[in-house]
Amino acid sequence: MAPLAPFDLPAIERRIIELWGTYEVEYRSLHGRRPGEDAGGGPPKPSFVFFDGPPFATGLPHYGHLLAGTIKDVVPRYWAMNGYAVERRFGWDCHGLPIESLVEDELDVHGRAEIEALGVPKFNAACRAGVLRYTQEWRKVVERMGRWVDFDDDYKTMDPTFMESVWWVFAQLWEQGRIYEGHRVQPVSPLLGTPLSNFEVAQGPQERNPKTGKDGHKLRDDPSITVRFELEDEPGTFLWAWTTTPWTLPSNLALAVHPDVVYAKVRVVETGELAWIEPGLLAQYQERKRVGETQELERRKGSELAGLAYAPLFPYFAEYREREDGSRWAFKVVVADYVTTDTGTGIVHQAPAFGEDDFEVGKREGLPLVRPMDLNGVFDERVPEFAGQRAKQADKGIVLKLKDAKQLVDQDVYRHAYPHCYRTDEPLLYMAISTWFMKVEDMREQLLANNDEIHWVPKHVGSGRFGNWLGVARDWNLSRNRYWGTPLPIWRCDEDPADMVCISSIAELERRAGLEPGSITDLHRESVDDISFASERTPGGTMRRISEVFDCWFESGSMPYAQNHYPFDPSKKQYVEDNLPADFIAEGLDQTRGWFYTLHVLSTALFQRPAFKNVIVNGLILAADGKKMSKRLQNYPDPLGVVEAFGADALRAYLISGPVVRAEPMRFGRDAKDTKGLIVRDMVKAAILPLQNAYNFLVTYARADGWVPTRETLSARPTSELDLWILSRVQSFVARLRGEFEAYNLDNLVPEWLAMCDELNNWYIRRGRRRYWRGASEDDQDKREAYATLYRVLVTIAHCMAPVLPFFCEHLYQRLVVDVGLAEGPDGDSVHLQRFPVVDESLIDLELERQVARARKVVGLAMALREAERIGVRRPLPSLTVASRDPEVRAAVVRFAAEIESELNVKTIEVVEDDAGLVSLSAKANFKVLGRKLGKKMKVVATAVEQLEPARLREILEGGSVELEGEPLSAEDLLFHRAPLPGRVADSAEGITVVLDTTIDVALEQEGLVRELINRIQNLRKGSDLDVSDRIELAVTCAEQTKLFGALAREDLRGLIQAETLASVLEVNPGSGGHTHQGEDEIDGEQLGLGITVAPAR
RNA sequence: GGGCGUGUAGCUCAGUUGGUUAGAGCGCCGCCCUGAUAAGGCGGAGGUCGGAGGUUCAAAUCCUCCCACGCCCA
């Protein structure tokens, strides 16, 4: 086997990446052959279908991406190792606001007017040029993390093939009648003349609200006016309504009251005016001296006021007063639950085009949608008096006009948090904007039914957050008034807006527009906006494209089809249909209502199936201090820096080991101050070094011994119990890993491995150490089996941890298998082309595993006793007594007596059943057993139990019973506790009692001293850089009156020293020095001198 | 404001159908072991189980309310 090299994990990983590249391992994992090689005659691999959710490439990858990327790698690697072809194409989300915002900044053009002045072609060209700016960095990081994903055969949402499929998807929905034009109230930046997304609104100026102490939108002072509306059927009686947006009053169409709130009709004494208002709020007006004394005349609930007709404030939209059938239409009182009595009058002015609540009320009441201004907030000629004025500037004129007309009850200023434009800093206007919807509400049942087929990790996201969302799914607003995106393929007649066609392919557009086939090579706005054609339905009409583009979620949701240019590419058509739903996807919790939702909605609408079968939802990664990771705060380490310091394997293992793979947030760090990623170093120590150490151990001795593995090594059945045990343990480990992988529970993989590691290093190797070290000449069967077993264990581990630790496992596999010429078959050159180990049930012996666990328990207890007594393990003790009523425990101790004796350095072990005389016994009631039986009597019985005499307890323990408070009790109703008797070196736990005999005679003392001496000699050997197999000539110097000198007089102990330290010569007090390596040391305070010289090879 | 989560040792997290000594790892301190080890073992200190009520013989666990944090939606 190859000699040991210095251990540098990141360097190992870089070499493995090279190796994968040289051998084209990734390609072969997917295709089962090398590039350009004949596929061969065998059946193709079955597919395991993975969909990659596309990230925006406008930023650099952060830990959230690395986490998702790790999940997206671990799972596919597992299935690939089970013989599946796992296609992993990287996806890029190219469209949408992030890139448009960046480009707006770079070009310094903001808003509709400036962009259109620059020209959509130039703007989009800049977006196209800039959107993939970080792809190389992405690739570097993703590859360095060990994630296998195909960047060459990637998909981009801006590819014409992708966009054409999006058109097709949309056309299917159009055919189904799912697409309709509607309105939605959105915030608009008047100077930019464009609606803003929530994201942009949130970027607006923020300010701390002194009242609530919380950050929120910037505060502003708006006019707060109270206006009187005269009842038509009761002239002289008014409704007092409140608003902070006078500019919406010309568009007033209704007044809203809360159905359950009681309103009062009052007479203002001074003026004689009759008015309706909520009485509590009236009192506030009076407190502020805005309204004089009143007399209350009548009270009515809001629901009773509904339907009252009032005279319009302004004449502009009087035509909506009545419908054609003469029924009242607008300018009436309506009810609305959102009305509050916190401020104002309890009667709220309604302009359906200018508020979300107003819009909903208007929709319910069938009110017209009146929006007499453009997106810049400038009044049009439908409001002639204010035409050309901007909304907020018109406030003053409107208030003045109302004042002149004596329609103003009160004028005040209202300070509140209000969203402002992130760019121009001016207040946003909410207004109804035409948008395109997909009908989703009628699909709820089917969406829920399909969701039942999805395996969610964690479960609650599927049933809770996602399921609830599906249950109340709203129609999907899928158009955006933007530039860089897939254009909606709707062409509309300029003569008749109802005359529309939906284009489903490039070919269709070319045909309709009379263009040469193949002449359209791109589908962005600059390429298709100018294409027009004659209407088929409207004579003389011209069809022109509407201006909207798709919400980019629609594009990522179309990815199962669009990444394969479905249905246009005949070679992929069947493939796409066969591969829906995908077997597996994984993204962050924030995608629940994003990508998860859009995938689900579209596949349900198009194919009546879910889009994926299994999904792992990961949580958000926070910095070590619990805050969001922030470049400014520098509260997290650079990802590549961490990888180059500690290795990608360790980072991967760390990332998938916590609840973050079950959608819970994770703090990245060891503690709040760990901004260097030291936690990842901890993972190196916990998960990788032990494996490296085990490997080192094998190689060190195998090389010294000239042991070489053969093919038979991996299948021969050993005879030693220790070997049989570790083989069983490893198979159980494989079985558990498989269970976790198949349940998509990644968080248990590393903990299972750590437990396995402990058994391997701290019992199997520790206990077996001497088996390997018997001198190069000895070649007995047991030694060969020891090597073979350890080798086999390491090879199995290299296979089954490969999905999690792809680098180090590959490294081990190369060293253990490939380097020694044991790689088999065409796929023998990488562990990732190997099969994941199949559980070998014939090797599993659960009883043996339990027995070893019990033996280890006994050892642990006894070690603790030595610790408490301050007796080092090098000092032999005469005996250990183990007492237990559990026959299994006694059997285990007998079975492994030699191991336990050796581990604890005791000469004999005595096993007994009864621990009387060793420990004192006490008992408590077993609440779990008795609670159900006794109910309320539980407490008195429990007290009585604690007062039982130890003698009675022993009787019960031996099968007797007792009656307390009228209740018969036997051993299983009690929990026994054993405490060491004074003077006894004893301890008890879990029904096992161990007692150490610490009386030693001279012989034992001498043996202990010699073992101390051996330790000092070994330290000197190590300090002198001797090879483990070097033979030495040894001299020990010590005073003749010391105990050690006495010990050295014993022939047997001198033999022990020589055997343990490979000393061919042992001289005691030879006089002069003359050795090449010398040392001074002490044992029990007695000084001694050591000298060693490497003996000439024989 | 609504939905879904989370809150247990200094940190990261386990904690079975409710059952009486609430565990592990890391970190800290002490001791021990070691010719595989960038190691390992044993022990110790460290908990009002977010808070308040309630149900129950018995609550970290079930219920209600509140507080804090996260994500999403308003």
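For A:Asp358, the side chain to side chain donor-acceptor pair (under 3.5 Å) criterion is met by no residue, not counting sequence neighbours. By the side chain to side chain donor-acceptor pair (under 3.5 Å) test, A:Ser902 is found to be paired with A:Arg767, residues two or more places apart in sequence or in another chain being considered. A:Arg874 meets the side chain to side chain donor-acceptor pair (under 3.5 Å) test with A:Glu1012, A:Asn1015; sequence neighbours excluded. Every residue two or more places apart in sequence or in another chain was checked for a ring pair (Phe, Tyr, Trp, His ring centres under 6.0 Å) with A:Phe359, and none qualifies.
Using a 4.0 Å heavy-atom criterion, one finds that A:Leu622 contacts no nucleic acid atom at all. Among the protein residues, A:Pro659 comes within range of the sugar-phosphate backbone only, with heavy atoms under 4.0 Å from sugar or phosphate atoms but none that close to a base.
At B:A14, one or more side-chain N or O atoms of A:Arg662 fall inside 4.0 Å of OP1 or OP2 (strictly under the cut-off). Between A:Asn1015 and B:U34 there is a side-chain polar atom (N or O) within less than 4.0 angstrom of OP1 or OP2. Residue A:Arg465 places none of its side-chain N or O atoms closer than 4.0 Å to OP1 or OP2 of B:G3. OP1 or OP2 of B:A36 has not a single side-chain nitrogen or oxygen of A:Tyr695 nearer than 4.0 Å. For B:G41, one of the phosphate oxygens OP1 or OP2 lies less than 4.0 angstrom from a side-chain nitrogen or oxygen of A:Asn762.
Between B:C4, B:C71, B:A74, one nucleotide has an atom nearer to the side chain of A:Glu356 than all others, and that is B:A74. Each of B:A36, B:A38, B:C71 was ranked by its minimum atom distance to the side chain of A:Leu689; first place goes to B:A38. Side-chain atoms of A:Glu1012 lie closest to B:C33 of the nucleotides B:G5, B:C33, B:U12. Side-chain atoms of A:Phe697 lie closest to B:A36 of the nucleotides B:A36, B:C4, B:U12. Considering only side-chain atoms of A:Glu664, the nucleotide from B:U12, B:U6, B:A74 that sits closest is B:U6. Listed candidates were B:A36, B:C33, B:G5. Nearest to the side chain of A:Asn693 is B:A36.
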Please enumerate all protein N or O atoms sitting under 3.5 Å from an N or O of nucleotides 27-32 of chain B, with distances to 0.1 Å.
from: B:G30; atom 1: N2; to: A:Glu867; atom 2: OE2; distance (Å): 2.9
from: B:C31; atom 1: O4'; to: A:Arg870; atom 2: NH1; distance (Å): 3.4
from: B:C31; atom 1: O2'; to: A:Arg870; atom 2: NH1; distance (Å): 3.1
from: B:C31; atom 1: O2; to: A:Glu867; atom 2: OE1; distance (Å): 3.1

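Heavy-atom nearest nucleotides on RNA chain B were determined for A:Trp469 and for A:Arg681, and the one closer to the 5' end corresponds to A:Arg681. Heavy-atom distances to RNA chain B give each of A:Ala686 and A:Leu589 a nearest nucleotide, and the one nearer the 5′ end belongs to A:Ala686.
Using atom P as the reference point in both B:G5 and B:G23, the two lie 29 Å apart (nearest Å). Taking atom C1' on both nucleotides, B:G25 is separated from B:C42 by 16 Å, rounded to a whole Å. Using atom P as the reference point in both B:C49 and B:C11, the two lie 15 Å apart (nearest Å). For the C1' atom pair drawn from B:C32 and B:U20, the interatomic distance equals 35 Å after rounding to whole Å. Nucleotides B:A24 and B:C62 are separated by 23 Å at their P atoms, to the nearest Å. Look at the P atom in both B:C31 and B:G15: the space between them is 36 Å, to the nearest Å. For the P atoms, the distance linking B:G10 with B:G50 amounts to 13 Å, nearest Å. Here the separation of B:U64 from B:C57, taken at their C1' atoms, is 23 Å to the nearest Å.
One can place CG of A:Asn468 at 8 Å from P of B:G5, the figure rounded to the nearest angstrom. In this entry the distance linking CD of A:Glu360 with C1' of B:C73 reads 15 Å, nearest Å. Per the geometry, CG belonging to A:Leu760 stands 12 Å off C1' belonging to B:U37, to the nearest Å. The CD1 atom of A:Ile1014 sits 13 Å away from the C1' atom of B:U34 (whole-angstrom rounding). The interatomic distance linking A:Arg771 (CZ) with B:A36 (C1') rounds to 16 Å, in whole Å. The nearest whole Å value for the distance from the CG atom in A:Leu9 to the P atom in B:U37 is 17 Å. Remark: P of B:C13 and CZ of A:Phe668 are 13 Å apart, rounded to the nearest angstrom. We find that CG of A:Leu754 is positioned 13 Å from C1' of B:U12, with the value rounded to whole Å.
Panel note: side chain A:Tyr418, backbone A:Leu428; a donor-acceptor pair is recorded below 3.5 Å. With A:Asp475 contributing its side chain and A:Phe437 its backbone, the two residues share no donor-acceptor pair below 3.5 Å. Formation of a donor-acceptor pair under 3.5 Å by the A:Asn748 side chain with backbone atoms of A:Glu740 is not found in this model. The closest donor-acceptor contact from the side chain of A:Asn451 to the backbone of A:Leu447 lies at 3.5 Å or more, if one exists at all. Of the possible donor and acceptor atoms, none in the side chain of A:Asn618 sits under 3.5 Å from a partner among the backbone N and O of A:Ala586.
Residues A:Tyr597 and A:His600 form no side-chain contact, since every pair of their non-hydrogen atoms from C-beta on lies 4.5 Å or further apart. A:Trp456 is listed as a side-chain neighbour of A:Phe596, based on a closest heavy-atom distance under 4.5 Å.
For RNA chain B, if you chain together Watson-Crick or G-U pairs that step i with j, i+1 with j-1 and so on, the runs of at least three with distances under 3.5 Å are B:1-7 with B:67-73, B:10-13 with B:23-26, B:28-32 with B:40-44, B:50-54 with B:62-66.
Taking the six-membered ring where the residue is Trp, A:Trp707 and A:Tyr787 present parallel rings, their angle staying beneath 30° rather than reaching 60°.
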